[in-house]
Amino acid sequence: MVEVTESVITSEPPAKLEDMRPWNDSLFDCTKDPKHCVLTGACICASICLEYKRIGEAWYSPICMLDSVTPLTARYRAQHGIEGSMCDDCLMTTFCAFCQVCRIHRDYTAELQDDF
């Protein structure tokens with residue numbers, strides 16, 4: 001008989017510190033993109049779904065989760081080599097989810113502009 005074991009991932013894989021970068025702006029720089037700030041304020045669910053789609057996840061994933069911003073933030077940080085920790089992600093999304101969704105959008109947009 002084969003024994004099956006399950007492991008639970010409780011931490012992020014280590015990254016090289018020299019490869020990490022800071023966020024492009026502050027958590028509270030919502031005035032840099034007022035249109036998206038208004039959209040997020042009016043319907044945060046639509047904004048979260050948009051950001052999930054932009055990082056390559058199923059856009060409908062947030063509908064099934066109670067806290068969908070923390071995993072979005074962690075995944076985005078990991079994909080783009082941004083400094084931070086799971087604890088920071090959790091705190092930011094718990095106390096200011098609207099600002100964090102806007103920040104991810106602004107950072108992604110700035111990264112797109114830097115590529116051109």
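Values reported hereafter were calculated over all heavy atoms of this structure, with side chains retained and with hydrogens, waters and symmetry mates removed. Each residue takes its place number in the sequence, starting with 1.
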**Q** Find the distance between CD (Glu83) and CZ (Arg21) and round it off to the nearest 0.5 Å.
**A** 9.5 Å
**Q** Name every donor-acceptor pair, under 3.5 Å, that has one atom in a side chain of residues 91-99 and the other anywhere in the protein, sequence neighbours excluded.
**A**
from	atom 1	to	atom 2	distance (Å)
Thr93	OG1	Thr70	OG1	2.5
Thr93	OG1	Asp89	O	2.9
Thr93	OG1	Cys90	O	3.2
Thr94	OG1	Cys90	O	2.6

**Q** Given Ser26 and Asp29, is the side chain to side chain contact (heavy atoms under 4.5 Å, CB included) satisfied, shown in steps?
**A** CA-CA 5 Å; Ser26 168; Asp29 283 338; 3.4 Å; yes
**Q** Please report the interatomic distance OG(Ser68) to CD1(Ile44), rounded to the nearest 0.5 Å.
**A** 7.5 Å
**Q** Quick check: does any side chain N or O of Asn24 sit under 3.5 Å from a backbone N or O of Ala110, one acting as donor and the other as acceptor?
**A** no
**Q** Given the rule that I, L, V, M, F, W and Y join up when any side-chain heavy atoms are under 4.5 Å apart, are Val69 and Ile63 in one cluster?
**A** no
**Q** Start with the C-alpha distance between Lys35 and Leu39, add both sets of side-chain angles, then the distance that settles side chain to side chain contact (heavy atoms under 4.5 Å, CB included), and finish with yes or no.
**A** CA-CA 6 Å; Lys35 289 180 184 177; Leu39 170 69; over 6 Å; no
**Q** Please determine whether side chain to side chain contact (heavy atoms under 4.5 Å, CB included) holds for the pair Glu51 and His105, giving the CA-CA distance in whole Å, both sets of side-chain angles, and the decisive distance to 0.1 Å.
**A** CA-CA 7 Å; Glu51 299 309 323; His105 182 82; 2.8 Å; yes
**Q** Quick one: do Arg54 and Leu112 satisfy side chain to side chain contact (heavy atoms under 4.5 Å, CB included)? Show the steps, please.
**A** CA-CA 11 Å; Arg54 288 174 90 173; Leu112 284 178; 4.0 Å; yes
**Q** Working to the nearest 0.5 Å, report the span between CZ of Arg103 and SG of Cys30.
**A** 10.0 Å
**Q** Given 3.5 Å as the limit, does a donor-acceptor pair link the side chain of Arg77 with the main chain of Ile82, or not?
**A** yes
**Q** Keeping Ser85 on the side-chain end and Asp88 on the backbone end, is there a donor-acceptor pair under 3.5 Å?
**A** yes
**Q** In the single-linkage hydrophobic clustering (I, L, V, M, F, W, Y; side-chain heavy atoms under 4.5 Å), do Leu72 and Trp59 co-cluster?
**A** no
**Q** So Arg106 and Asp25, salt bridge (charged side-chain N to carboxylate O under 4.0 Å, His left out) or not? Walk me through it.
**A** CA-CA 8 Å; Arg106 289 190 313 272; Asp25 58 17; 2.7 Å; yes
**Q** When rounded to the nearest 0.5 angstrom, what distance separates SG in Cys102 from CG in Asp107?
**A** 12.5 Å
**Q** Please report the interatomic distance CD1(Ile55) to CD1(Ile104), rounded to the nearest 0.5 Å.
**A** 7.5 Å
**Q** Considering non-hydrogen atoms only, spot the tightest contact between Tyr52 and Pro62 and give its length.
**A** CD1-CG, 3.3 Å
**Q** Please report the interatomic distance CD(Glu111) to OH(Tyr76), rounded to the nearest 0.5 Å.
**A** 5.5 Å
